[in-house]
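A, B, ... follow the sequence lines: proteins, then strands. Residue 1 opens every chain. Quick note: numbers below take in every heavy atom, side chains included, and nothing from hydrogens, waters or symmetry partners.
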Amino acid sequence: MSHPELSEQEIQRRESLHKLRELGIDPYPAALYPVDAFAAEIKEKFEDGKQVCLAGRMLSQRIMGKASFAEIQDASGRIQVYFNRDEICPDEDKTLYNEVFKKLLDLGDFIGIKGQVFKTQVGEISVNVTEFTLLSKSLRPLPLPKTDAAGVVHDAFTDPELRYRQRYVDLVVNRQVKDVFIKRTRLFNAMREFFNREGYMEVETPILQAIPGGASARPFITHHNALDIPLYMRIANELYLKRLIVGGFDGVYEFSKNFRNEGMDRTHNPEFTAMEIYVAYKDYNWMMDFTEQLLEHCALAVNGTTIAQFGEHTIDFKAPYKRVTMRQSIIDFTGFDIKGKSEEELRAAAKSMGLEVDETMGTGKLIDEIFGGKCEGNYIQPTFITDYPKEMSPLCKVHRDDPTLTERFELMVCGKEVANAYSELNDPIDQRERFEEQLKLQERGDDEAMFIDQDFLRSLEYGMPPTSGLGIGMDRLIMYLTNNPSIQEVLFFPQMRPEKSAPKVVLNDTEKEIYQKIQAEKQLLLGELRAAFEISNKLWDTSIKTLTKNNLVSVFKDGELLLVKLIEE
RNA sequence: GAUUCCGUAGCUCAGCUGGUAGAGCAAUACACUUUUAAUGUAUGGGCCCUGGGUUCGAAUCCCAGCGGAAUCACCA
């Protein structure tokens, strides 16, 4: 048996696997294993002599001749188990202990244990094994961090790339990572509970949309073969939820995976989760009350306290939260009053504040720039910023007291937006005009302006009750609740560049030389390239064909000329 | 997109102004019946990210590429 591509340890594990089979032990048995106990529970409720059956991965082994200790990790945590040779093998044949346990089991293997709970001389709650079963063999060594007596972790599995690419390993060896995702699920459950208690209904709306509406963002595009039309992955679900309010539901919500074809960094992933909820007969003032109650409830459910530590900041999600109008906020931090100012005045003001602005920006975008540049970052504690300019909020109702503003708020935490809410625009004529303004912005060069959804307008024309809607960035919220500065840490499988993007093609020496020549020139005449190599026609032919077949270079015609060019990733 | 830093054993990392590749853990072998970062002794394990260049000689210096991280820009 030779495995040239495997590491020494992997080869050894495969050999162990082989030997186990020879001993008549199935390394991947089919039968269920009758687990009736968990590590954490055994340790919490210690009962001397209690018979238990548990299963998990073996993560450490301390062999001392005829006795050994091992650690088993199950879904609840870790527990030490004690193997005594003569208890495992009461008869003459000691193979099960000497061979199977000591040699053929490896760290990372899943085993099942039956035995009695006891305390060792040093006081560690352990299980005295009377019977063990191999449940699944692990063929790759896990990176196993160790914690010393001082609590210092050695050999921690910390490389972010490896951790994200092999999250399954990360979860096995890094307990704190598992905890983040447990909290994530708790957050979702807490929100559902809060909404369901109010009688609101969880719904599902299309992810594949013919018109990507409800937000301003570049969508991912795909194609439906049967209908032969382009379809877009949703950037938001807002317009569909509102259609359901038109249809007569009083409260609907959805945890929506949204997709945006934009940059990736530590706060942006191309797919992310938003929660959106729409409640009929409410306005944004009601929604502020509702939001602060909701977040207080969620913080408590996730962490058991409304206080959350985020980096250097201590945040308190206890309601109520401060409410500041956008105009007041800009006055507070810049001394500039945006009320009644023209586009030119705003642009001049923004420039004087050292902000980068250009001609495509309308008043809304300019105000947004000023707020984003000078104010936003200052709100550490949860704060509602209210009354956004009309131009920035095409789906939001005009403010009851000021026609240049809208009834909108965003909730800022640690200088970032975590929630966004409106008194929803339900005047179909106004809505159509707003969409048309967006279209004009688009023509002006704003590539994020919204598309017009005619069917949505039609639904409004049938009448939508006054409604307030709220959207929450779930990923961002869980970042705050688990003190993680990057979104990758709160997504099981964050988007990564595919592994090994470089073509792994094995080229022979001639092909390599030709390829290098093309690499250097990027593009050149085929004949010229041919002349540079003193090789037979046949070798030339096969070489250039290898390169083109593997998509390293391409040959193409430009008029009468045959050219060859480098294909770059 | 810009800048900075990083890529060495299965894991975590060291390797100075160029001179035969190192440690701990993990692995293998032996000893050891309540240990706990178990211990003791011995052994094996490397395309030093890839490709060029400089040099008598490159893990080390230079260039390019690939991959990653951080900061900034962009992004409701």
Side-chain angles (χ1 to χ4, degrees), chain A residues 6-13 15-16 59-71 78 80-87 97 102-103 106-108 118-124 126 128 140-165 169 173 214-218 235-236 260-268 270 274 356 364-365 368-369 371-372 376 385 388 392-394 408 410 412 416-420 447-448 450 471 473 476 485-486 488 496-504 507 512 515-516 519-520 568-569:
Chain A
L6 296 176
S7 72
E8 186 194 14
Q9 291 190 46
E10 288 174 297
I11 293 166
Q12 276 160 4
R13 284 174 180 232
E15 280 166 3
S16 300
L59 290 189
S60 73
Q61 241 183 340
R62 290 183 288 278
I63 296 173
M64 293 163 300
K66 299 181 184 70
S68 304
F69 290 91
E71 269 178 302
R78 294 186 189 185
Q80 175 172 273
V81 295
Y82 173 69
F83 285 79
N84 183 303
R85 187 191 71 183
D86 297 328
E87 289 191 51
Y97 179 78
K102 276 168 67 176
K103 293 190 179 160
D106 292 297
L107 301 188
F118 76 112
K119 251 186 206 165
T120 63
Q121 288 178 358
V122 232
E124 173 106 9
S126 310
N128 188 1
R140 282 174 187 265
L142 283 167
L144 286 172
K146 291 205 160 192
T147 311
D148 67 17
V152 182
V153 179
H154 299 261
D155 301 342
F157 183 59
T158 53
D159 180 52
E161 184 190 358
L162 280 174
R163 287 183 46 235
Y164 302 153
R165 285 197 195 281
V169 173
V173 304
S216 326
R218 268 183 289 276
I235 54 175
R260 296 188 182 178
N261 206 343
E262 287 167 352
M264 290 160 58
D265 60 32
R266 68 187 199 293
T267 56
H268 295 85
E356 275 187 37
K365 193 125 190 175
D368 190 35
E369 284 294 317
F371 178 75
E376 193 174 63
I385 303 298
Y388 282 59
M392 300 165 56
S393 315
R408 170 180 183 179
E410 287 194 354
M412 312 300 304
K416 296 263 184 187
E417 171 212 341
V418 296
N420 182 20
D447 56 0
E448 287 157 15
M450 292 186 186
R476 212 166 267 183
S486 97
Q488 286 83 7
M496 305 281 285
R497 217 177 280 271
E499 277 180 272
K500 284 181 192 160
S501 63
K504 263 284 177 198
L507 300 178
K512 252 185 219 163
Y515 185 54
Q516 276 163 15
Q519 266 184 317
E568 286 166 284
E569 289 292 313

Does B:rC11 have OP1 or OP2 under 4.0 Å away from a side-chain N or O of A:Lys146?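 Checking B:rC11 against A:Lys146, no side-chain N or O comes under 4.0 Å of OP1 or OP2.
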Without decimals, in angstroms, what is the distance between A:Met64 CE and B:rA38 P? 11 Å
Holding to side-chain hydrogen bond (donor to acceptor under 3.5 Å, both in side chains), I want the full list of residues that pass it with A:Arg140, two or more places apart in sequence or in another chain. none
Of all residues at least two apart in sequence or in a different chain, which pass the side-chain hydrogen bond (donor to acceptor under 3.5 Å, both in side chains) check with A:Gln488? A:Ser486
Taking atom types as they are modelled, would you say the side chain of A:Asp155 forms a donor-acceptor pair with the base of B:rG24 within the 3.5 Å cutoff? yes
Check whether any side-chain heavy atom of [X] sits under 4.5 Å from a side-chain heavy atom of [Y], and report yes or no.
X        : Y        : answer
A:Phe157 : A:Val169 : yes
A:Pro270 : A:Met264 : yes
A:Asp155 : A:Lys146 : no

Nucleotide opposite B:rG10 in a Watson-Crick or G-U pair, distances under 3.5 Å: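 Paired with B:rC25.
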Strand partner of B:rU71, provided both Watson-Crick or wobble distances fall under 3.5 Å: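 B:rU71 is paired, partner B:rA2.
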RNA chain B: A:Ala156 or A:Asp86, which has the more 5' nearest nucleotide?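 Of the two residues, A:Ala156 wins.
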Can you name the atoms? Protein N/O to nucleotides 27-30 of chain B N/O, anything below 3.5 Å, with the distance.
{"residue": "B:rA27", "atom": "O2'", "partner": "A:Gln12", "partner atom": "OE1", "Å": "2.0"}
{"residue": "B:rA27", "atom": "O2'", "partner": "A:Gln12", "partner atom": "NE2", "Å": "3.3"}

Give me the ring orientation class for A:Tyr388 and A:Phe371: parallel if the planes are under 30° apart, tilted from 30 to 60°, perpendicular past 60°. perpendicular
